[in-house]
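Notes follow the structure.
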Amino acid sequence: MPQATVHLLRHGEVHNPDGVLYGRLPEFHLSALGRQMAEMLARHFSDRAAAGARIVYLASSPLVRAQETAAPTAEVLGLEIHTDPRIIEAENYFEGMKVSKAELRRPKHWPRLVNPLKPSWGEPYKDQAARVRAAVQDARLRAIELAGGDYGTDGPEAIMVSHQLPIWATRLSAEGRPLWHDPRKRECTLTSITSLVFDDDGSLLRVQYTEPAAALLPGAASTPGA
């Protein structure tokens with residue numbers, strides 16, 4: 001099999017005036033800035049395709065903010081958006097709340113805070129990494145199939161629009177690092193791309209990280225993900 005790349009793309013900024021941890025809640029759409037980010041990402045991938053990249057498969061989390069981020073790229077590349085529930089946001093007990101130090105001091109939440117290594121407030125990191133890595137492998141194989149022997153400059157490529165924590169857990173797992181971490185130190189900004197590059201036999205060669213919409217990040221919302 002040829003070398004292939006799967007790009008894990010985080011969605012753009014979300015309209016969230018109340019600053020809640022939106023998690024898997026429905027109807028959290030991109031903000032105006034988030035739509036600009038999505039358009040900038042579409043131009044980034046369009047330029048790559050024009051330079052010879054063979055981008056043949058596009059998948060998204062079922063959540064609306066991910067679908068809206070994927071839409072401009074789907075349009076410029078002429079790709080269908082395949083919905084993959086395995087790359088959805090992490091489950092989180094605090095979903096829908098405005099998480100603050102005062103809120104976390106409330107005794108009713110304490111049982112959820114006893115084990116940050118798992119974490120005890122939501123879906124285990126290892127489960128997130130496992131489901132996303134399985135989706136990545138399927139996307140890799142699908143890209144190779146769809147390329148049909150025309151592998152472009154760097155092998156066939158797939159894009160998967162997901163969420164910060166599942167992407168970060170997957171990267172830590174892929175690099176053999178511990179999955180527990182300080183959420184403030186995740187290298188996974190809005191509309192960033194974490195690329196997993198695979199060898200001919202499906203072995204991971206390297207992880208690459210880029211921020212094509214970095215110019216739009218100053219002033220963007222900083223409410224943490226799940």
*asked:* Has T83 got a side-chain atom pairing as donor or acceptor with S60's backbone, closer than 3.5 angstrom?
replied: no

*Is K98 close to D18 at the side-chain level, that is, under 4.5 Å between some pair of heavy atoms?*
no

*Find the distance between CD1 (I167) and CZ (R186) and round it off to the nearest 0.5 Å.*
11.0 Å

*Does H109 have any ring pair (Phe, Tyr, Trp, His ring centres under 6.0 Å) partners at least two apart in sequence or in another chain, and if so, which?*
Y93, F94

*Taking 4.0 angstrom as the limit, do R24 and E91 come out as a salt bridge?*
yes

*asked:* I need the single residue from I159, V132, V207, V161 that forms a side chain to side chain contact (heavy atoms under 4.5 Å, CB included) with L8. Which is it?
replied: V132

_Which heavy atom of R65 sits nearest to which heavy atom of G23, and what is that distance?_
NH2-O, 2.9 Å

*asked:* Do L25 and V14 sit in one hydrophobic cluster, given that two such residues count as connected whenever their side-chain heavy atoms are within less than 4.5 Å of each other, even indirectly?
replied: yes

*Take atom CZ of R184 as the centre, draw a 6.0 Å sphere, and report whether it contains more than 12 heavy atoms from other residues, nucleotides or ligands.*
no

*Return yes when atom CD of E103 has more than 12 non-hydrogen atoms of other residues, nucleotides or ligands closer than 6.0 Å, and no otherwise.*
yes

*asked:* For the OG atom of S61 and the CD1 atom of I87, what is their distance to the nearest 0.5 Å?
replied: 6.0 Å

*Okay, side chain of R10, backbone of C188: is any donor-acceptor separation there less than 3.5 Å?*
yes

_Using every non-hydrogen atom in the two residues, find where S173 and R133 come nearest and quote the distance to one decimal._
OG-NH1, 3.0 Å

*Can you tell if the side chain of L146 reaches within under 4.5 Å of the side chain of P156, non-hydrogen atoms only?*
no

*So if you build clusters from Ile, Leu, Val, Met, Phe, Trp, Tyr with side-chain heavy-atom gaps below 4.5 Å, do L172 and Y125 land together?*
yes

*How far apart are the C-alpha atoms of L63 and H163, what are their side-chain angles, what is the distance that settles it, and do they pass the side-chain contact (heavy atoms from CB on, under 4.5 Å) test?*
CA-CA 10 Å; L63 295 176; H163 308 269; 3.6 Å; yes

_Minimal non-hydrogen separation, P111 against K108, with atom names_ = CD-O, 3.6 Å

Under 3.5 Å, sequence neighbours excluded: what are the donor-acceptor pairs made by side chains of residues 36-47?
none

*Please determine if E145 and R142 form a salt bridge, counting it only when a charged side-chain N lies under 4.0 Å from a carboxylate O.*
yes

*Can you list the steps and then say if V99 with L104 is a side-chain contact (heavy atoms from CB on, under 4.5 Å)?*
CA-CA 7 Å; V99 182; L104 294 177; 3.9 Å; yes

*Is it the case that one hydrophobic cluster holds both F28 and L9, taking links as side-chain heavy atoms less than 4.5 Å apart, direct or via other members?*
no

*Do M160 and I193 share a hydrophobic cluster (ILVMFWY, side-chain heavy atoms under 4.5 Å, transitive)?*
no

_Let me check something: do L165 and M97 share a hydrophobic cluster, defined by ILVMFWY side-chain heavy atoms less than 4.5 Å apart, either directly or through other members?_
yes

*asked:* For F198, run the side chain to side chain contact (heavy atoms under 4.5 Å, CB included) check against V6, L205, L141, I144 and tell me which one passes.
replied: V6

*Give, for atom CG of L196 and atom CZ of R171, the distance between the pair rounded to the nearest 0.5 Å.*
9.5 Å

*Looking only at non-hydrogen atoms, find the nearest pair between A169 and A129 and report the distance.*
O-CB, 3.7 Å

*Could you tell me whether the side chain of E157 reaches within less than 4.5 Å of the side chain of H7, counting heavy atoms only?*
yes

*Rounded to the nearest 0.5 Å, how far does CG of L33 lie from CG of L217?*
8.0 Å

*What is the minimum heavy-atom distance between G12 and T69, and which atoms define it?*
N-OG1, 3.1 Å

*Linking Ile, Leu, Val, Met, Phe, Trp and Tyr through side-chain heavy atoms less than 4.5 Å apart, which residues share a cluster with V64?*
none

*Nearest-0.5 Å distance that lies between atom NE2 in H181 and atom CD in E187*: 12.5 Å

*Any side-chain heavy-atom pair of P116 and W121 under 4.5 Å*: yes

*If only atom types and distance count, is the side chain of E13 paired as donor or acceptor with the main-chain N or O of S31 below 3.5 Å?*
no

*Hey, mind stepping through R86 and D138 against side-chain contact (heavy atoms from CB on, under 4.5 Å) and telling me if it holds?*
CA-CA 11 Å; R86 294 174 295 179; D138 286 349; 2.8 Å; yes

_Nearest 0.5 Å, please: how far is CD in Q128 from OG in S162?_
9.0 Å

*Any E80 side-chain heavy atom under 4.5 Å of L58 side chain*: no

_Atom of P166, atom of R131 and distance for their closest heavy-atom approach_ = CG-NH2, 4.1 Å

*Can you check side-chain contact (heavy atoms from CB on, under 4.5 Å) on Q208 and V197, steps first, answer last?*
CA-CA 8 Å; Q208 299 173 333; V197 183; 3.9 Å; yes

